[in-house]
Structures are given as structure tokens and as C-alpha cells.
Amino acid sequence: MLVLTRKNGETIKIGDDIEITVVASKNDQVKIGIKAPKNVEIYRKEIYDMITSENQQASKDVAGLLKFMSKNEKN
């Protein structure tokens with residue numbers, strides 16, 4: 001992990017298209033602004049983890065359904 005120190009108003013560049021700017025900081029909170037192309041999806045990590053978990057569960061459900069359907073087609 002790369003750790004950088006930035007002050008309010010300072011920016012970090014990721015590649016050519018993404019900028020992360022420290023908008024404000026107070027106590028133990030930091031507000032950041034993210035400027036990225038519209039095709040780049042941006043999520044808080046806890047939301048991303050939840051989406052990933054739900055997608056994995058949905059894949060298992062579909063796999064189970066397909067297995068069930070193939071058993072019924074044989075009968």
C-alpha cells in the first residue's frame with residue numbers, strides 16, 4: 001500500500017484520468033473528491049464487498065437452478 005500525506009486542497013493523480021482531492025479534514029474524518037471518467041465505477045469498500053457477496057450468492061443460486069433443471073429434463 002502506498003501511503004501519502006496531503007493537505008486540504010491537494011490532489012493525487014492515478015493514471016491520466018483519475019484525480020483524488022482532499023476536500024476537507026476534521027478530527028478523524030477526511031472528505032475526498034474523486035474525478036474520474038464516467039465509465040469508472042467508484043464505490044465505498046463496504047458497498048463493493050456487499051455487491052460482490054450478493055453476486056457470488058446469485059451465481060450459486062443460478063448454478064443450483066441449472067442443475068435442478070437438467071435433472072428434470074432427464075425425467
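Quick note: residue numbers are just sequence positions, from 1. Scope of the values below: all heavy atoms of this structure, side chains included, with no hydrogens, waters or symmetry mates.
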message = For a side chain to side chain contact (heavy atoms under 4.5 Å, CB included) check, start with the C-alpha distance between Glu10 and Val22, then their side-chain angles and the critical distance, and finish with the verdict.
response = CA-CA 6 Å; Glu10 293 183 333; Val22 177; 5.7 Å; no
message = Are Tyr48 and Met50 packed together at the side-chain level, in the sense that at least one heavy-atom pair is separated by less than 4.5 angstrom?
response = no
key: Hydrophobic cluster (4.5 angstrom, side-chain heavy atoms) - remaining members for Met1   = Val3
message = Using the rule given for side chain to side chain contact (heavy atoms under 4.5 Å, CB included), can you reason through Val23 versus Ile32, listing the C-alpha separation, both sets of side-chain angles and the distance that settles it, and then say yes or no?
response = CA-CA 5 Å; Val23 176; Ile32 59 171; 5.6 Å; no
key: For Glu46, salt bridge (charged side-chain N to carboxylate O under 4.0 Å, His left out) partners two or more places apart   = Arg44
task = Applying side-chain hydrogen bond (donor to acceptor under 3.5 Å, both in side chains), name anything that partners Thr11, two or more places apart in sequence or on another chain.
result = Thr21
request  = Identify whether Val40 and Ile20 are in the same connected component of the hydrophobic contact network (ILVMFWY, side-chain heavy atoms under 4.5 Å).
outcome  = yes
task = Sequence neighbours left out, what passes salt bridge (charged side-chain N to carboxylate O under 4.0 Å, His left out) with Lys38? Give chain and number order.
result = none
query = Residues in side-chain hydrogen bond (donor to acceptor under 3.5 Å, both in side chains) with Gln57, at least two apart?
reply = Asp61
Heavy-atom donor-acceptor pair, Asn8 side chain to Ser25 backbone, under 3.5 Å = yes
remark   = In short, salt bridge (Lys or Arg N to Asp or Glu O under 4.0 Å) pairs touching residues 14-28 with sequence neighbours left out are Lys13-Glu19
query = With side chains defined as the heavy atoms from C-beta onward, is the minimum distance between Asp49 and Ile47 less than 4.5 Å?
reply = no
Path from Val30 to Ile18 over hydrophobic side-chain contacts below 4.5 Å = yes
